Amino acid sequence: MTGRRTKNGRLLAISDLHVAHPENRALVESLRPGAPGDWLIVAGDVGERISDVEWALATLRDRFAAVVWTPGNHELWTTPGDPEPLRGEERYRRLVQVCRRIGVLTPEDPYPVWTGEGGPATVVPLFLLYDYSFRDPHTTKEESLAQAYRLGVVCTDEILLDPHPYPSREAWCRARLRETESRLDARDPDLPTVLVNHFPLLREPTRVLRHQVFAQWCGTEHTADWHLRYHASAVVYGHLHVPRTTWHDGVRFEEVSLGYPRERRHHAGPPAPRQILPAAA
């Protein structure tokens with residue numbers, strides 16, 4: 001683990017920047033820390049093009065004392081006309097390489113320790129994907145997918161998120177779970193964690209979705225106890241585009257999505273990163 005001494009700073013978080021939208025890109029350009037010691041967690045879905053992800057994270061890294069990134073599904077898409085048409089694991093590794101070059105921490109790096117107010121706490125960026133287990137327990141994966149297609153509520157991942165070299169997205173998810181559990185079990189057990197994943201670690205936050213069939217693209221039941229098992233003081237996620245704070249088993253869960261411009265039309269005030277530590281009063 002690595003510790004970075006912080007003074008008069010906060011641990012902040014945001015996700016789902018979607019900088020291909022000009023309004024969102026302008027918001028990223030306007031983001032500034034409130035104090036020199038502020039860290040920023042970026043919990044995925046920065047953009048679809050590697051160049052856009054690099055621009056956004058490099059811009060933020062120039063301003064914040066540390067930036068911690070974990071990928072969303074959009075970073076893993078291979079879109080038509082992409083100048084870097086990498087797929088699956090190769091695409092993810094390329095993003096990690098980009099982040100390391102610009103000084104942004106990833107799920108492949110030693111977990112940093114927040115030592116500012118509210119700490120110490122190990123900040124754990126996770127890359128876990130999903131395995132279609134957030135579905136009606138009385139249905140198979142095939143039946144749940146068929147229902148989604150009938151309703152016209154199908155995640156674009158089915159077209160653009162290639163799991164290569166794994167045979168399926170759930171196989172990639174299983175591999176990520178095994179690797180991540182091993183690293184988490186080796187962490188300092190005396191420190192609480194801030195668990196950061198693009199997808200919610202629990203099924204419960206997805207109950208707010210209008211179309212419940214979409215939840216199958218939102219996580220894995222395998223992580224249902226991780227907030228307790230790994231002594232989380234907070235859990236940060238995005239993906240749902242429903243920013244809010246909820247509590248589960250006494251642990252604070254923060255959905256920190258910026259989301260699409262159309263989703264913010266009726267929100268009051270400019271969007272801002274959420275404060276994770278110290279816990280807001």
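Everything numeric here is computed off the predicted structure, so don't read it as measured data.
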What closest approach, in Å, do [X] and [Y] show between heavy atoms, and which atom pair accounts for it?
{"X": "Asp16", "Y": "Ser257", "result": "OD1-OG, 3.1 Å"}
{"X": "Val53", "Y": "Gly47", "result": "CG2-O, 3.7 Å"}
{"X": "Pro200", "Y": "Cys218", "result": "CD-O, 3.1 Å"}
{"X": "Ala175", "Y": "Tyr166", "result": "CB-CE2, 3.7 Å"}
{"X": "Ala121", "Y": "Leu277", "result": "CB-CD1, 4.0 Å"}
{"X": "Pro71", "Y": "His198", "result": "O-CB, 3.4 Å"}

Just by modelled atom types, is the [Y] backbone N or O under 3.5 Å from a matching donor or acceptor in the [X] side chain?
{"X": "Arg183", "Y": "Pro107", "answer": "yes"}
{"X": "Glu84", "Y": "Arg49", "answer": "no"}
{"X": "Asn24", "Y": "Gly259", "answer": "yes"}
{"X": "Asp45", "Y": "His74", "answer": "yes"}
{"X": "Arg244", "Y": "Pro205", "answer": "yes"}
{"X": "Asp185", "Y": "Ser182", "answer": "no"}
{"X": "Asp109", "Y": "Leu105", "answer": "no"}
{"X": "Ser133", "Y": "Glu221", "answer": "yes"}
{"X": "Ser144", "Y": "Lys141", "answer": "no"}
{"X": "Arg203", "Y": "Ala224", "answer": "no"}

>> Tell me whether Trp172 shares a hydrophobic cluster with Phe134, the cluster being built from Ile, Leu, Val, Met, Phe, Trp, Tyr side chains joined at under 4.5 Å.
In response: no
>> Please say yes or no: joined through hydrophobic side-chain contacts below 4.5 Å, possibly via intermediate residues, are Tyr260 and Leu27 part of one cluster?
In response: no
>> Check whether Tyr132 forms a cation-pi arrangement with Arg169 (NZ or CZ under 6.0 Å from the six-membered ring centre, at most 45° off the ring normal).
In response: no
> Does Arg25 count as lying over the ring of Trp55, i.e. NZ or CZ under 6.0 Å from the six-ring centre, within 45 degrees of the axis?
Replying inline: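 Yes, a cation-pi geometry.
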Spacing of [atom1] belonging to [X] relative to [atom2] belonging to [Y], to within rounding of 0.5 Å:
{"X": "Arg176", "Y": "Thr220", "atom1": "CZ", "atom2": "OG1", "value": "13.5 Å"}
{"X": "Ser15", "Y": "Tyr237", "atom1": "OG", "atom2": "OH", "value": "9.5 Å"}
{"X": "Asp82", "Y": "Arg87", "atom1": "CG", "atom2": "CZ", "value": "13.0 Å"}
{"X": "Thr106", "Y": "Arg100", "atom1": "OG1", "atom2": "CZ", "value": "5.0 Å"}
{"X": "Arg10", "Y": "Gln275", "atom1": "CZ", "atom2": "CD", "value": "5.5 Å"}
{"X": "Arg91", "Y": "Leu86", "atom1": "CZ", "atom2": "CG", "value": "6.0 Å"}

> Given Thr70, which of Val196, Leu128, Val124, Ile41 fulfils the side chain to side chain contact (heavy atoms under 4.5 Å, CB included) condition?
Replying inline: Val196
> Could you go step by step and tell me if Tyr149 and Leu151 meet the side chain to side chain contact (heavy atoms under 4.5 Å, CB included) rule?
Replying inline: CA-CA 5 Å; Tyr149 277 96; Leu151 295 173; over 6 Å; no
Side chains of [X] and [Y], heavy atoms from C-beta outward: is any pair under 4.5 Å?
{"X": "Ile276", "Y": "Trp114", "answer": "no"}
{"X": "Arg61", "Y": "Ile102", "answer": "no"}
{"X": "Trp226", "Y": "Thr180", "answer": "yes"}
{"X": "Trp217", "Y": "Leu145", "answer": "yes"}
{"X": "Pro163", "Y": "Leu129", "answer": "no"}
{"X": "Leu160", "Y": "Pro80", "answer": "yes"}
{"X": "Tyr92", "Y": "Glu108", "answer": "yes"}
{"X": "Glu90", "Y": "His164", "answer": "no"}

> Please walk me through it: do Arg93 and Glu75 pass salt bridge (Lys or Arg N to Asp or Glu O under 4.0 Å)?
Replying inline: CA-CA 11 Å; Arg93 295 295 168 180; Glu75 281 100 333; over 6 Å; no
> Phe253 vs His227 aromatic rings, parallel, tilted or perpendicular, using cut-offs 30° and 60°?
Replying inline: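 Judged by the thresholds at 30° and 60°, the geometry between Phe253 and His227 is perpendicular.
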>> For Tyr130 and Asn73, which I'm curious about, is there any donor-acceptor pair between the side chains at under 3.5 Å?
In response: no
> Charged N to carboxylate O under 4.0 angstrom, Arg135 versus Glu143?
Replying inline: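 No, no charged N to carboxylate O under 4.0 Å.
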> Is Arg174 paired with Glu181 through a side-chain N to carboxylate O contact shorter than 4.0 Å?
Replying inline: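 No salt bridge links Glu181 with Arg174.
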> What do the steps show when you test Leu201 against Leu126 for side chain to side chain contact (heavy atoms under 4.5 Å, CB included), and what is the final call?
Replying inline: CA-CA 10 Å; Leu201 297 182; Leu126 304 167; 4.2 Å; yes
>> side chain to side chain contact (heavy atoms under 4.5 Å, CB included) for Leu17 and Leu60? Distances and angles first, verdict last.
In response: CA-CA 12 Å; Leu17 298 176; Leu60 296 170; 4.3 Å; yes
>> Run the side chain to side chain contact (heavy atoms under 4.5 Å, CB included) test on Gln147 and Asp136 for me, step by step, so that the C-alpha distance in whole Å, both residues' side-chain angles and the decisive distance to 0.1 Å come before the verdict.
In response: CA-CA 11 Å; Gln147 182 186 14; Asp136 184 331; 5.9 Å; no
